[in-house]
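Shown next, in structure tokens, is the structure this report addresses.
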There are 2 protein chains.
Amino acid sequence: MRLRDENKETLIREQAIALIVQEGFDGLSMQKLAKAANLSASTIYIYFKSREDLLNQVYIAVDEIFAKEVLKNFDPAMSFEEGLWQQWKNRYKYVQKYPLHYHFSEQFRNSPLIKHQDIKESPFRVAMQQFTKNAIQRKEIVDLPPEILWALAYGPFYILIKFHLDQSSMSGKPFSLSEQKMKQAFGLVIKALKA
Amino acid sequence: MRLRDENKETLIREQAIALIVQEGFDGLSMQKLAKAANLSASTIYIYFKSREDLLNQVYIAVDEIFAKEVLKNFDPAMSFEEGLWQQWKNRYKYVQKYPLHYHFSEQFRNSPLIKHQDIKESPFRVAMQQFTKNAIQRKEIVDLPPEILWALAYGPFYILIKFHLDQSSMSGKPFSLSEQKMKQAFGLVIKALKA
DNA sequence: AAGATAAACGAATGTTCGTTCTTTTAAAAA
DNA sequence: TTTTTAAAAGAACGAACATTCGTTTATCTT
């Protein structure tokens, strides 16, 4: 018998991402996707049971890669300043390495397709909770409700990313954000959060 | 002859927003929209020349209301702290008053439908530039590149909004974010930006 | 090499899509 | 009141949609 092709599943997912980023969710049809992946449309249904299932699986796969990338060289035991900076760097590298994933993710999260009922206790979430708990216990930063801490720690970063991403898509030039600029913003965040 | 009905145009726009927020861009079909607005599909084409045109016009109308709401009780001559707080309050009220507009806006901006080539010199933009220029000249805040200032000033706010919006959509309870929490986050932002 | 099995395909399904056309209707101008 | 004009409706268009079905093909097992 013939075996399921793992690469083909990934190929379908990646082409779906590319199509969605280019044309939006209404631009993703099974027939266009099939053509882009050099497949028959019906073949997609061997790997995904419906369009909706495909979209969910794409999001799950994208999110897994994100979680993996963002935990690189990170340890919840790190000092707050060192750990948060590592997070910023990792997230920046993620956007550079997987720009389409990032765009897809933003689109998906802001759409009604996302179901945020089951916020599972991912290893990623656990690590981040431990990290912030440590920082507060050590009195490195002020004691804050988690969502305010989170808002301060990452809000400026993501606005900065969005700004430079829009700039690059307008000018056609590749995305870049100087380390100096990131450090400058980071310094202000630390200033705000320091105990 | 019969006159174009201004209210009908608004009705179509509002129903389009509601449909998109509920079902996403692929959920917006002209026939569904017609049914929702109690119209014939062909009537929509009297007011909008195509689906694409409709979407653009919706975005423009939404953005106009946003700009109007956000400038209420605001003056570029205000002190930085007072002015920025007014901005936060106005934006918070906007989300409360027009939650569907906010969701639509977020979806549209993160989709490929948006064309950010023509960032026109809106009165809104002019006011904001003057406001930050004043604050730096008066040495109320540190001198920063505009996008970093912007990222610090609004990044935390929007993450906070998103968090509480997600919470409310999960629990079914109406959206709310206590003034105390907003003030707490705001205080940290001021701490970061103060000269 | 033969048989078994599931992947892969192309064609076809009925539905819904955006849009246009023709006709009817309502209200402003005469 | 009559005429004029454009709004509004409804039916219709081919195209594209998600999905299914029957057949073919490739590869694993024997």
Side-chain angles (χ1 to χ4, degrees), chain A residues 1-62 104 107-108 111-115, chain B residues 1-62 104 107-108 111-115:
Chain A
M1 68 146 186
R2 214 157 150 190
L3 284 182
R4 241 173 148 93
D5 189 341
E6 169 83 24
N7 295 338
K8 198 163 285 184
E9 199 172 321
T10 305
L11 171 70
I12 294 171
R13 270 195 266 102
E14 292 300 321
Q15 294 292 345
I17 291 169
L19 264 169
I20 289 165
V21 169
Q22 268 179 42
E23 309 183 33
F25 287 113
D26 32 352
L28 179 80
S29 79
M30 301 308 260
Q31 349 239 7
K32 273 203 253 179
L33 175 55
K35 189 155 283 181
N38 254 349
L39 291 168
S40 167
S42 53
T43 302
I44 299 170
Y45 286 85
I46 294 167
Y47 296 89
F48 305 94
K49 64 174 190 289
S50 68
R51 192 185 113 110
E52 197 192 340
D53 176 52
L54 167 66
L55 285 168
N56 281 325
Q57 294 224 42
V58 168
Y59 182 67
I60 290 167
V62 162
F104 165 80
Q107 244 176 280
F108 194 85
S111 83
L113 299 171
I114 197 153
K115 322 191 198 298
Chain B
M1 68 148 188
R2 213 157 149 190
L3 284 181
R4 241 175 150 93
D5 188 342
E6 170 82 24
N7 295 338
K8 198 162 286 180
E9 199 174 320
T10 305
L11 172 69
I12 294 171
R13 270 194 265 103
E14 291 301 321
Q15 294 292 345
I17 291 169
L19 265 169
I20 289 165
V21 169
Q22 269 180 43
E23 309 184 33
F25 287 112
D26 31 354
L28 179 81
S29 79
M30 301 307 261
Q31 350 237 6
K32 274 201 252 178
L33 175 55
K35 189 155 283 181
N38 253 349
L39 291 168
S40 166
S42 53
T43 303
I44 300 170
Y45 286 84
I46 295 167
Y47 295 90
F48 306 93
K49 64 175 189 289
S50 67
R51 192 186 114 111
E52 199 192 340
D53 177 52
L54 167 66
L55 285 168
N56 282 325
Q57 295 224 43
V58 168
Y59 182 67
I60 289 167
V62 163
F104 165 79
Q107 242 175 282
F108 194 84
S111 83
L113 299 171
I114 197 154
K115 318 187 200 298

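Throughout, a chain's letter reflects where its sequence line sits, starting with A, and its residues are numbered from 1.
- Put simply, the side chain of B/S50 and the base of C/dG18 share no donor and acceptor less than 3.5 Å apart.
- Spacing between atom NZ of A/K35 and atom C1' of D/dC17 amounts to 14 Å, rounded to whole angstrom units.
- For B/D53 and C/dT19, the CG to C1' distance is 14 Å, given to the nearest whole Å.
- Atom-to-atom, CG of A/L33 to C1' of D/dC17 comes out at 13 Å; the value is rounded to the nearest Å.
- With hydrogens and angles disregarded, a donor-acceptor distance shorter than 3.5 Å links the side chain of B/Y47 to the backbone of B/D5.
- Among the heavy atoms of the strands lying under 4.0 Å from B/K32 are primed sugar atoms or P, OP1, OP2 only; no base atom is included.
- As judged by a 4.0 angstrom heavy-atom cut-off over every strand, B/L28 is placed among residues touching the sugar-phosphate backbone only.
- For the pair B/E9 CD and D/dA7 P, the interatomic distance rounds to 11 Å; values are reported in whole Å.
- The side chain of A/S40 contributes no N or O atom lying less than 4.0 Å from OP1 or OP2 of C/dA8.
- Distance, B/Q31 CD to D/dG10 P: 13 Å, rounded to whole Å.
- What separates CD1 of B/I12 from C1' of D/dA7 is a distance of 11 Å, to the nearest Å.
- Nearer to the 5' terminus of DNA chain C, by closest-nucleotide assignment, is the contact made by A/D5 (compared with the other of B/S42 and A/D5).
- One interatomic measurement links the two molecules: CZ of B/R4 to P of C/dT25, which rounds to 22 Å at whole-angstrom precision.
- Contacts of B/Y47 with the nucleic acid, taken as non-hydrogen atoms under 4.0 Å apart, involve only primed sugar atoms and P, OP1 or OP2.
- Nearest to the side-chain atoms of B/K8 among the listed nucleotides D/dA8, D/dA9, C/dG10 stands D/dA8.
- The closest side-chain heavy-atom distance from A/I12 to A/Q57 is not below 4.5 Å.
- B/I20 is not listed as a side-chain neighbour of B/V58, based on a closest heavy-atom distance of 4.5 Å or more.
- Both B/I46 and A/M30 lie near DNA chain D, and the one whose nearest nucleotide falls closer to the 5' end is B/I46.
- Rounding to whole angstrom units, CZ of residue B/R51 and P of D/dA16 are separated by 15 Å.
- Relative orientation of the B/F108 and B/Y59 rings is parallel, given thresholds of 30° and 60° on the angle between their planes.
- Residues A/I46 and A/K8 have side chains not in contact (no heavy-atom distance under 4.5 Å, counting atoms from C-beta outward).
- Phosphate proximity of D/dC21 to A/Y45: absent, as no side-chain N or O sits under 4.0 Å from OP1 or OP2.
- In this structure, B/S29 reaches the sugar-phosphate backbone alone: every heavy-atom distance under 4.0 Å involves primed, P, OP1 or OP2 atoms, never a base.
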